[in-house]
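Heavy-atom basis, side chains included; hydrogens, waters and symmetry copies ignored.
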Amino acid sequence: MLEVADIIRRHGAAVRAYLGTRLLPSQARALRDLVACRTAACGGQLTQCTACGREVYRYHSCRNRHCPKCGGDQTARWLARHRARLLPCPHYLITVTLPAALRPLAFGHQAVVYGALMRCAAAALQALAADPQFVGAPLGGIAVLHTWTRALLYHPHVHLIVTAGGLSADRTQWIAPKHPAFLVPVRALSVIVRAKMCAALTHAGLLTQVSPEVWTTPWVVHAQPAGDGARVLDYLARYLFRVAITNSRLEQIDDDQVTFRYRDHRTQAIRRATLSGVEFLRRFLQHVLPRRCTKVRYYGLWSATRRADLAHARTLLDAAHATATAPATPTTTLGAPAPIVCPLCHAGTLTLIAVLRPERKVPP
């Protein structure tokens with residue numbers, strides 16, 4: 001299978017020269033880690049098949065959160081844990097997109113602007129939900145940052161999966177939305193997010209770098225029902241521990257160009273993009289987050305300080321739906337890892353016979 005690491009091996013030097021001093025430390029590390037992933041540079045294990053007796057080298061992952069080959073186990077654990085915490089109530093998916101005029105500022109101050117966008121989107125949503133004419137209670141929500149389109153263009157936005165309702169202030173009842181057709185008015189949500197972002201950038205001392213037109217044009221905010229929330233949770237989990245391109249989407253790599261496929265979000269048709277190797281890596285590196293930049297945040301009933309309220313809300317909802325059959329929540333048992341089948345004979349399993357030290361900590 002073709003890999004992003006193959007593109008880095010071919011075009012990494014060229015993209016480093018192209019970006020020069022604009023190459024961020026987090027991006028330089030991603031280039032190094034992805035090339036080293038599952039090679040002798042990361043160390044590994046020497047195993048032997050119990051059936052055919054042949055030795056198999058199994059190298060370690062780089063564990064970089066942008067690597068297409070890493071994060072599978074982390075994703076499974078995160079998804080199993082959060083599926084079990086989903087409340088038995090309807091959910092909504094809210095998407096807040098950063099305007100194009102703010103994107104250069106966002107890329108230059110990623111931790112500040114991304115964090116502000118997530119906080120402001122959640123705060124605006126909670127402010128409207130607190131209004132009794134819409135809900136009258138704080139919602140539970142998970143905010144996940146995405147910075148890409150399916151063609152890897154720079155497009156920062158935040159997805160929030162939120163409960164359709166919340167726990168009353170006295171914790172005696174679950175309060176459902178007043179309007180069955182929507183959660184909160186989207187236009188009002190857009191205005192409040194914009195105002196809160198203006199205040200956040202003012203506080204950060206960045207407002208002078210923003211065109212005044214940003215605060216007079218509508219911001220794109222979208223809301224849609226998400227059923228029990230399970231499918232949206234699955235979608236968000238895919239991109240928590242990697243950038244939004246898998247190795248399986250790569251179709252051709254040569255000394256000049258890279259071709260990959262993606263699904264058009266409007267027509268749902270499969271399209272292909274052919275870029276120079278340098279342009280592909282430039283697009284890829286736009287989505288490498290700086291160190292300690294948070295990609296997932298929890299609000300309301302989903303926050304770590306309100307676990308008791310989350311459990312109480314579940315009790316109230318279960319009691320209210322006692323006559324109905326609650327949907328089964330998929331669970332995953334995370335016990336001892338399953339034996340690894342030999343990739344050569346497919347009959348035996350692999351047993352550890354030696355641990356391989358990394359050849360070097362950081363590859364050249």
Side-chain angles (χ1 to χ4, degrees), residues 4 7-8 11-12 14-34 64-68 95-122 143-160 193-194 196-215 217-221 236 239-245 258 260 262 265 273 275-297:
V4 172
I7 304 173
I8 298 174
H11 304 286
V15 79
R16 287 186 182 94
Y18 174 77
L19 293 175
T21 57
R22 292 176 295 159
L23 184 69
L24 302 177
S26 56
Q27 297 172 337
R29 176 164 186 166
L31 292 174
R32 294 195 301 267
D33 287 351
L34 269 61
N64 190 299
R65 61 173 169 168
H66 307 97
C67 179
T95 304
V96 178
T97 302
L98 196 71
L102 275 177
R103 291 171 196 170
L105 179 70
F107 190 76
H109 303 271
Q110 295 179 46
V112 173
V113 178
Y114 294 162
L117 181 62
M118 298 174 79
R119 290 193 306 273
C120 293
V144 177
L145 172 70
H146 287 176
T147 61
W148 52 75
T149 68
R150 296 176 183 178
L152 288 183
L153 296 173
Y154 188 59
H155 187 261
H157 57 283
V158 173
H159 293 300
L160 298 103
V193 171
R194 184 179 63 189
K196 287 185 175 296
M197 277 296 292
C198 181
L201 295 183
T202 300
H203 183 265
L206 298 175
L207 192 65
T208 57
Q209 302 180 40
V210 180
S211 169
E213 295 180 1
V214 172
W215 314 118
T217 55
W219 286 29
V220 177
V221 176
L236 296 178
Y239 306 110
L240 290 182
F241 304 101
R242 62 176 174 86
V243 173
I245 187 164
V258 175
F260 66 96
Y262 65 96
H265 77 282
L275 309 172
S276 68
V278 170
E279 174 60 16
F280 176 91
L281 290 178
R282 187 195 69 82
R283 289 193 188 185
F284 180 87
L285 291 173
Q286 288 181 117
H287 313 299
V288 172
L289 299 180
R291 191 178 181 185
R292 297 191 180 93
C293 183
T294 304
K295 197 173 186 177
V296 185
R297 300 192 181 195

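The nearest pair of heavy atoms linking Met197 to Leu98 is CE-CD1, 4.2 Å. Here the shortest heavy-atom pairing between Val15 and Val278 reads CG2-O, 3.8 Å.
Proximity of Leu240 to Val144: side-chain heavy atoms (C-beta onward) are separated by under 4.5 Å at one or more points. Within the 4.5 Å cutoff, the side chain of Val113 has no heavy atoms near those of the Leu102 side chain. Residues Leu24 and Gln110 meet the side-chain proximity criterion, which asks for heavy atoms closer than 4.5 Å. Using a 4.5 Å heavy-atom cutoff, the side chains of Trp219 and Val193 are in contact.
Partners of Arg292 according to the side-chain contact (heavy atoms from CB on, under 4.5 Å) rule, which considers only residues two or more places apart in sequence or in another chain, do not exist here. The side-chain contact (heavy atoms from CB on, under 4.5 Å) check on Arg150 picks up Tyr262, Arg263, His265, Gln268, with sequence neighbours excluded. Scored by the side chain to side chain donor-acceptor pair (under 3.5 Å) test, His155 finds His157 as partners (sequence neighbours excluded). Applying the salt bridge (Lys or Arg N to Asp or Glu O under 4.0 Å) criterion to Arg282, with sequence neighbours excluded, gives Glu279. Remark: Arg103 engages no residue in a side chain to side chain donor-acceptor pair (under 3.5 Å) (not counting sequence neighbours).
Remark: side-chain polar atoms of Thr294 are not paired, donor with acceptor, to backbone N or O of Val296 under 3.5 angstrom.
Less than 6.0 angstrom separates the ring centroid of His146 from the ring centroid of His159.
Using bins of under 30°, 30° to 60° and over 60° for the plane-to-plane angle, the ring pair Tyr154/Phe107 lands in the perpendicular bin.
With rounding to the nearest 0.5 Å, the separation of OG1 in Thr95 from CG in Leu160 is 8.0 Å.
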Sequence neighbours left out, cut at 3.5 Å: what donor-acceptor pairs do the side chains of residues 199-211 make with other protein atoms?
| from | atom 1 | to | atom 2 | distance (Å) |
| --- | --- | --- | --- | --- |
| Thr202 | OG1 | Cys198 | O | 2.7 |
| Ser211 | OG | Glu213 | N | 3.4 |

